[in-house]
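Keep in mind that this is a model prediction, so the values were computed, not measured. We use all heavy atoms of the structure for the numbers below, so side chains are in, but hydrogens, waters and symmetry mates are not. The residues of the chain are indexed from 1 along the displayed sequence.
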Amino acid sequence: MRWQRSAPPLPGAASLLASLKGKAKLGIITNGFTALQQVRLERTGFRDYFDLLVISEQVGVAKPAAKIFDYALDQAGNPDRSKVLMVGDTAESDILGGMNAGLSTCWLNVHNRPLPEGINPTWTVASLSELEQLLCKH
């Protein structure tokens, strides 16, 4: 999930995170600069929901490279990749990166953008509430 510098979290974020608390380990992989990304996350009030925050500036490689996903999974204790879901709002970095790392993916397509050629998410949702419903089914 991506938040702009002063923009509030997407509708449904609080409900989704509350529904996953204690049921799944959550992490963020973000491209960008450490100070800005940490401030953005702190401003949401959701920092405590996440077990892991991986920032491309610290790793030295950005999404969609598989290496940043490999690093994040290593930091998370190397969970079975078949049990990991990459959720992202940018097909070209988030979804392609998840695909490159051998993960199931869910494209959060809130702006109803066309799917770029060669990028095939496992699922596509239009809202965080739709994502919450999808996760409850699986």
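Side-chain contact between E130 and V110: absent, with no pair of heavy atoms (C-beta onward) separated by less than 4.5 Å. Taking the side chain as every heavy atom from C-beta outward, S129 and L16 never approach each other to under 4.5 Å. A 4.5 Å side-chain heavy-atom check between E132 and S15 finds at least one atom pair inside the cut-off. L128 is not listed as a side-chain neighbour of P11, based on a closest heavy-atom distance of 4.5 Å or more. At least one side-chain heavy atom of L10 sits under 4.5 Å from a side-chain heavy atom of L108. Using a 4.5 Å heavy-atom cutoff, the side chains of N109 and P121 are not in contact. Side-chain atoms of F50 and L17, non-hydrogen and from C-beta on, do get closer than 4.5 Å to each other.
Figure legend: K63 and F69 shown without cation-pi pairing, the cationic atom not lying both under 6.0 angstrom from the six-membered ring centre and within 45 degrees of its axis.
Nearest heavy atom pair, residue A72 against residue L52, reads O-CD2, 3.3 Å. For the residue pair A18 and Y49, the shortest heavy atom distance occurs at N-CE2, 3.9 Å. Taking both residues in full, the closest heavy atoms of A13 and P9 are given as CB-CB, 3.9 Å, listed atom of the first, atom of the second, then distance. Across all their heavy atoms, E92 and P116 have their closest contact at OE2-CG, 3.3 Å.
The main-chain N or O of T105 is found under 3.5 Å from a side-chain atom of T122 such that the two form a donor-acceptor pair. Formation of a donor-acceptor pair under 3.5 Å by the D51 side chain with backbone atoms of L26 is found in this model. Judged by distance alone, with hydrogens and angles left aside, the side-chain atoms of T90 form no donor-acceptor pair with the main-chain N or O of S93 at under 3.5 Å. A side-chain donor-acceptor contact under 3.5 Å links E57 to the backbone of T34.
No chain of hydrophobic side-chain contacts below 4.5 Å, direct or via other Ile, Leu, Val, Met, Phe, Trp or Tyr residues, connects L131 to I119.
Atom CE of M86 is separated from atom CH2 of W107 by 13.5 Å, given to the nearest 0.5 angstrom.
Screening N100, V54, L73, I55 against I68 for a side chain to side chain contact (heavy atoms under 4.5 Å, CB included) leaves a single residue, V54.
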Determine, stepwise, if the pair D74 / K67 fulfils salt bridge (charged side-chain N to carboxylate O under 4.0 Å, His left out). CA-CA 10 Å; D74 183 58; K67 184 178 177 184; over 6 Å; no

